[in-house]
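In what follows, a single structure is set out as structure tokens and then discussed.
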Amino acid sequence: MPDKRPFDVLNGALNNTVIVGLKGGTELRGIMVSYDVHMNLVLEKAEQLKDGEVKRGIGTVLVRGDSVIYISPS
Amino acid sequence: MPDKRPFDVLNGALNNTVIVGLKGGTELRGIMVSYDVHMNLVLEKAEQLKDGEVKRGIGTVLVRGDSVIYISPS
Amino acid sequence: MPDKRPFDVLNGALNNTVIVGLKGGTELRGIMVSYDVHMNLVLEKAEQLKDGEVKRGIGTVLVRGDSVIYISPS
Amino acid sequence: MPDKRPFDVLNGALNNTVIVGLKGGTELRGIMVSYDVHMNLVLEKAEQLKDGEVKRGIGTVLVRGDSVIYISPS
Amino acid sequence: MPDKRPFDVLNGALNNTVIVGLKGGTELRGIMVSYDVHMNLVLEKAEQLKDGEVKRGIGTVLVRGDSVIYISPS
Amino acid sequence: MPDKRPFDVLNGALNNTVIVGLKGGTELRGIMVSYDVHMNLVLEKAEQLKDGEVKRGIGTVLVRGDSVIYISPS
Amino acid sequence: MPDKRPFDVLNGALNNTVIVGLKGGTELRGIMVSYDVHMNLVLEKAEQLKDGEVKRGIGTVLVRGDSVIYISPS
């Protein structure tokens, strides 16, 4: 096993901007202020993206972990 | 782990208006009056949204947790 | 945790008319005469709805809990 | 909890005609001769329906419980 | 519980031709030579069907149980 | 239970060419060099197929078991 | 059981470029720097592919294991 495990990436991204890809094709971008072991996430100042463009602002949002496909720190 | 965990956000949103995104693309907006550990939610004065516009009123609604994609307090 | 938990809503809706949203987009309306911990439900005098209009009557119907997206008491 | 629990409905429908709605939109109609705790079902003299019309006969069929959306006794 | 439980139907169909409906809409027809408790199945002399017509032969095939929607002995 | 159980088919196909059908409709063809109890598979000299024709070569590929619909040894 | 088990392939691909196929049809290509027992993966210098062409760069990305369909080392 390598040093930088998947949850280390989550931890390293705390309080930074991430892009989250969700089942169904939605992408959210926001500041990840918390997560738990189920990969439930809280984003602040979140925006919904469509083809990389901002579609609308949604402020604080709790994302259910089992809807997450990927999380990319910026 | 940070202080404001995902379920803290749920707790903080009690008795406030939230927007809930569901599998299949439906969005509901209403006052969240309860939740449980499965993220089952109860909304009151709920409305179904389509592209951010109110499609119809549905009053009280119990949302099954495993259908939830995201929850955004307003 | 608040007083009116999600299953309290189910219990309060017993023998009353509910609208149930199912995976795949189907909506059923009927009198909920029972449920269990898996959210399996029994509706009587049930009707299938499409865009809020009655599509057909289906009488008694057992709905499998893991197909339920939301339940709205009327 | 009420008297007529969801599995009571299954039991009461034994050896009677039921309509079963499946994930993916298929409906089957047949005589339900058995079920188990997973809601696996056996139908005899089963027919596949489309918009309420018989599409084809399929005789005996074992339906996997986790594909079931609803079961309606006739 | 009735005598002919769901897995009795599977057992009774051993070494006989069955039609298997799969998630995603594919149908296979072949001789079922084995199964296990997960409803994993082995078909021999299997053919893929489309609208009831043979689309192609695929010989021996192992079908993963959680992809199965229904199994119909012929 | 018959002699040739589902996992016996997997074992018998080791180091032989198999076609694997995946959720979402993709088919892969390659030499299956290993598997585990979750039906995770490793194929070598794998190719992606579309309507039975080779779409592209992908070399070695690890297939996640819960994405597998069927596995057909050639 | 053969020597080169599925997770051996993951381990052998560490710090090498892989292509990851995800539910919903997205493909990512990047350097896999870690994984865990759930097949959660971390890719660096990742790019999203469409029909084998680079659609956009996404840098570091954590991929949730249960979204993975296949992983192909290059």
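A note on names: the letters A, B, ... follow the listed sequences, proteins ahead of strands, and every chain is numbered from 1.
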D:Val54 backbone acceptor or donor facing D:Arg29 side chain under 3.5 Å | no
Compare every heavy atom of E:Glu44 with every heavy atom of E:Thr60, then report the nearest pair and how far apart it is.
-> OG1-CG, 3.9 Å
Is there a donor-acceptor pair under 3.5 Å between the side chain of E:Asn11 and the backbone N or O of E:Asp8?
-> no
Heavy-atom distance under 4.5 Å to chain D: side chain of E:Val68, backbone, both or neither?
-> both
Please look at D:Leu22 and chain E and tell me whether the side chain, the backbone, both or neither of the residue comes under 4.5 angstrom of a heavy atom of that chain.
-> side chain
Side chain to side chain, E:Ile19 and D:Ile58, heavy atoms closer than 4.5 Å | no
Relative to chain D, which of E:Val18, E:Ile71, E:Asp66 shows the most heavy atom pairs under 4.5 Å?
-> E:Ile71
Highest number of heavy-atom pairs under 4.5 Å with chain E: which of D:Arg56, D:Lys23, D:His38?
-> D:Arg56
Do you know which of E:Ser74, E:Pro6, E:Gly24, E:Ala13 has the most heavy-atom pairs with chain D at a distance under 4.5 angstrom?
-> E:Pro6
Of the non-hydrogen atoms in D:Phe7 and D:Val37, which two are nearest, and what is the gap between them?
-> CZ-O, 3.7 Å
